[in-house]
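Take a look at the structure set out below.
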Number of protein chains: 2
Amino acid sequence: MEAIEHDKRKCPSHLSTGECVKRLLPVKDALDILSGKWKLQIILSLTFGKKRFKQIQREIPGLTPKMLSKELKDLEINELASRHVYDTSPVTVEYELTPYGKTLRPLIDELHKWGTKHRKRMIARE
Amino acid sequence: MEAIEHDKRKCPSHLSTGECVKRLLPVKDALDILSGKWKLQIILSLTFGKKRFKQIQREIPGLTPKMLSKELKDLEINELASRHVYDTSPVTVEYELTPYGKTLRPLIDELHKWGTKHRKRMIARE
DNA sequence: GGTATCGCTTTCCTGAAAGATACCGGTATA
DNA sequence: TATACCGGTATCTTTCAGGAAAGCGATACC
């Protein structure tokens, strides 16, 4: 039987497959930083000001200290949040978004914009 | 010992905690659609034109038919991709990004932009 | 003395996602 | 006849993110 015409388009001709993958990497980096069950909530919580460990935990129901600790470390490693230890006793520890962390804002806004449209669309469809 | 001054900022005063969570939902929706090991690559592959099942699979090393099948279904459910079956034998099936699917573009670009900066920063730091 | 708070860490465990592998009917190709 | 392609599905196993619970040193409160 007659086959359908297929062109072999893969990547645009000026890009090799390898280059396509390379273009993908930064997108994955960004995605990694925001995905996961708690990251967004924690970032959001910190956008409203400095917070202490327990304070964040109390704000986010279900968040265990283990997870919070881990996520905060990730944020620190990526220089999105900073940790300040004060020599009180027992120690006081505060976390805060770095200026760099705040550069996530437009990205989150874009996600919010698209997500909102999508949500409406999916609900409208029923 | 003297405690440090803490304000109790949580959410901006005009937003309840519930409303904060609500603002989060659409962001998560968007994130869900893009995160995962294969979704981005599949979407990217489809931005370069209609593709057949095996064609996509060949383009993305390591992608099993089971995963591809599942991801394509997800894309269909979200109306981001469409499936066309042609009555040849054996059947020919083509997948393509819908116009709606193409609206993801600015979002992916934004992720790419931030991700690129972040990648540079992390590499520069060593 | 007993209990509570702070800021975690450690250990153990589970459910869900992802991977490996095999298979299916139908067709074309050698 | 046998082998390969197509578009998947079915089944089994592995991996791994994340949860539950306990503990820790230091302090403060009743």
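The chains referred to below are lettered A, B, ... by the order of the sequence lines, with proteins before strands, and numbering in each begins at 1.
Atoms CG (B/Asp87) and C1' (D/dG7) sit 15 Å apart, rounded to a whole Å. If you take CD of A/Gln55 and P of C/dC8, they are 13 Å apart, rounded to a whole angstrom. In this structure, B/Leu72 places its CG atom 10 Å from P of D/dT9, rounding to the nearest Å. Note: CD (B/Gln57) to P (C/dA20) measures 12 Å, nearest angstrom. With rounding to whole Å, B/His84 atom NE2 is found 13 Å from D/dG8 atom P. Atom-to-atom, CE of A/Met67 to C1' of D/dA20 comes out at 11 Å; the value is rounded to the nearest Å. Between B/Asp74 atom CG and C/dA17 atom C1' the separation is 12 Å, expressed in whole Å. Separating the CD1 atom of B/Ile42 from the C1' atom of D/dG7 is a distance of 15 Å, rounded to the nearest angstrom.
Shown here is A/Lys117, whose NZ atom has no more than 12 heavy atoms of other residues, nucleotides or ligands within 6.0 Å. No more than 12 heavy atoms of other residues, nucleotides or ligands shown are found within 6.0 angstrom of CZ on B/Arg105.
Between D/dG18 and A/Thr64, no contact under 4.0 Å exists linking OP1 or OP2 to a side-chain N or O. Phosphate contact (OP1/OP2 of D/dC6, side-chain N/O of B/Arg58, threshold under 4.0 Å): present. Close to C/dC8, at under 4.0 Å from its OP1 or OP2, lies a side-chain N or O of A/Tyr95. For the OP1/OP2 pair of C/dC6 and a distance below 4.0 Å, the side-chain nitrogens and oxygens of A/Arg52 include no atom meeting the criterion. At least one side-chain nitrogen or oxygen of A/Ser89 sits closer than 4.0 Å to the OP1 or OP2 atom of D/dT27. In this model, the phosphate group of C/dT9 is approached by a side-chain N or O of A/Ser69 to a distance below 4.0 Å at OP1 or OP2. Look at A/Trp38 and you'll find a side-chain N or O under 4.0 angstrom from OP1 or OP2 of D/dG19.
Donor-acceptor pairing under 3.5 Å is lacking for the side chains of B/Thr98 and B/Glu79.
When B/Arg83, B/Lys51, B/Arg52 are each tested for a side chain to side chain contact (heavy atoms under 4.5 Å, CB included) with B/Val93, only one passes: B/Arg83.
Counting atom types as modelled, A/Lys66 pairs a side-chain N or O with a base atom of D/dG19 as donor and acceptor under 3.5 Å.
If you find the closest nucleotide of DNA chain D to A/Pro90 and to A/Lys70, the one lying nearer the 5' end belongs to A/Lys70.
In this structure, B/Lys37 reaches the sugar-phosphate backbone alone: every heavy-atom distance under 4.0 Å involves primed, P, OP1 or OP2 atoms, never a base. As judged by a 4.0 angstrom heavy-atom cut-off over every strand, B/Gly36 is placed among residues making no nucleic acid contact.
Aromatic rings from A/His84 and A/Tyr95 are positioned such that their centres are separated by 6.0 Å or more.
Side-chain proximity of A/Lys54 to C/dT9, C/dG7, D/dC6: nearest is C/dG7. Taking the side chain of B/Phe53 as heavy atoms from C-beta on, and the options D/dG7, D/dG18, C/dT27, the nearest nucleotide is D/dG7.
No donor-acceptor pair under 3.5 Å is formed between the side chain of A/Ser89 and the backbone N or O of A/Val91.
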